[in-house]
Amino acid sequence: MNTIQNIRKFHEDLTAFRQDLHAHPELGLEEYRTAGLVAQKLRSFGIEVHEGVGKTGVVGVLRAGSGHRKIGLRADMDALPMQEENDLPYKSTIAHKMHACGHDGHTTMLLGAAQYLAQTKKFNGTVHFIFQPGEEGAGGAQAMLQDDLFTRFPCDAIFGMHNSPELEIGEFRINHGPIMAGGAFFDIAITGLGAHASRPETGIDPIVVGAQIVLALQTILSRNITAFESASLSVTRVESSSSAYNVIPHHVVLGGTVRCFSNEIMEFIKKRVTEISQGIASSHGAEAKVDFKVIFVPTVNNKEKSDFFAETAKILLGERNVKTNAKKLMGSEDFGFMLEHIEGAYGMIGNGKGFSPHHPNYNFNDEAIPYGAALYAKLVENFLT
Ligand SMILES: [Zn+2]
Ligand SMILES: [Zn+2]
């Protein structure tokens, strides 16, 4: 019997667990109920449990044999602040909170692997099951890292997965190098000089300054960065300190986001956003203050670990269901912070075609559980030989 068939024995229980998490979503760094249930499950499998790692994170430790090698498997647990529009028997019971990214499924797949590995123990070394809080911008990966995650639970390699509604159930894709983008949010606060709108010559109009900045920022990607690099920059907010039709405001704040695939490019874009904003503002006698916050680093796969992940997936899912030249995604993922410390890889597991994550009608597909759980388990059996 193969690993997927073995894990199917727990499929009914795991599905019930996933649907219970779905009905009780918790936002980033508030996953007290979820973390409690995860800890309880791990203990019931006979796995050593460490709670409160990075506030609401949980780490399970399972050893077998006398091997010294250690592997880390990571899943995320948080939900999103949005209203579910599905009409499911287990739909969210909490207004404006929803498991719309499938982290309920990721948590369940990793628990499925833990249950199987605790029973079979066909490996030689240590597994660290890392249940991470707050992936959706709440800084959960960094919270665990600041809590000395990899000093307390050292790993020779780490692996993570996200479900993908662009892939059928049982399909998997991965690539070398960057797989998901790094992301930053910025605010540009422009101070001019307010005036009566009929007499603009008596003031300094921050709206005109802001409009020039919005357009000039688009030249960073088109004129300053090689066409071989992919990046995006969008101004998504424009806020004036006045709501009157006949007042030139004193202040305008522009806000937006940047995505790209290397920390160097992100630093360069930050420098150019600052130079352009301050330069344009000062040429008009206005002032611009730039607050540029990097929220996610790019998720960069180690070549060797990515190949190992792909080979393991091929054994389990069959050669033709594993794509190794997957295109990069402009979305972001905070597993990238963990990959800055430990070599590893991140891949996409098929969720069946459907609504994309963050859509109010998205739902994790329970049929994916045995595949994801078996893949986590197989990584352990192949790595800890
Ligand atoms: Zn998400
Ligand atoms: Zn997600």
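Counting convention: from 1, in listed order, for ligands and their atoms alike.
Residues Phe383 and Phe308 place their aromatic rings such that the two centres sit under 6.0 Å apart.
For the ring pair (Phe, Tyr, Trp, His ring centres under 6.0 Å) criterion with Phe172, the lone passing option out of Tyr371, Tyr376, Phe309 is Phe309.
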Enumerate, atom names and distances included, each donor-acceptor pair closer than 3.5 Å involving a side-chain atom of residues 358-369, sequence neighbours excluded.
residue: His358; atom: NE2; partner: Glu136; partner atom: OE1; Å: 3.4
residue: His358; atom: NE2; partner: Glu136; partner atom: OE2; Å: 3.2
residue: His359; atom: ND1; partner: Asn361; partner atom: N; Å: 2.9
residue: Asn361; atom: ND2; partner: Glu85; partner atom: O; Å: 3.3
residue: Asn361; atom: ND2; partner: Asn86; partner atom: OD1; Å: 3.4
residue: Tyr362; atom: OH; partner: Asn163; partner atom: OD1; Å: 2.7
residue: Tyr362; atom: OH; partner: Asn163; partner atom: ND2; Å: 3.3
residue: Asn363; atom: OD1; partner: Arg18; partner atom: NH1; Å: 3.0
residue: Asn363; atom: OD1; partner: Arg18; partner atom: NH2; Å: 3.4
residue: Asn363; atom: ND2; partner: Tyr90; partner atom: OH; Å: 2.7
residue: Asn365; atom: OD1; partner: Glu367; partner atom: N; Å: 3.0
residue: Asn365; atom: ND2; partner: Asn351; partner atom: O; Å: 3.2
residue: Asp366; atom: OD1; partner: Arg18; partner atom: NE; Å: 2.8
residue: Asp366; atom: OD1; partner: Arg18; partner atom: NH2; Å: 3.4
residue: Asp366; atom: OD2; partner: Arg18; partner atom: NH2; Å: 3.0
residue: Asp366; atom: OD2; partner: Gln19; partner atom: NE2; Å: 2.9

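The residues Lys97 and Glu26 are annotated as not salt-bridged, no charged nitrogen and carboxylate oxygen being separated by less than 4.0 angstrom. A salt bridge links Asp76 to Arg74: one of the charged nitrogens lies within less than 4.0 Å of a carboxylate oxygen. Between Glu275 and Lys271 there is a salt bridge, since a side-chain N of the basic residue sits under 4.0 Å from a carboxylate O of the acidic one.
For the Zn ion (ligand 2), the set of protein N/O/S atoms nearer than 2.8 Å consists of Cys101 SG, His103 NE2, His162 NE2, ordered by chain and number.
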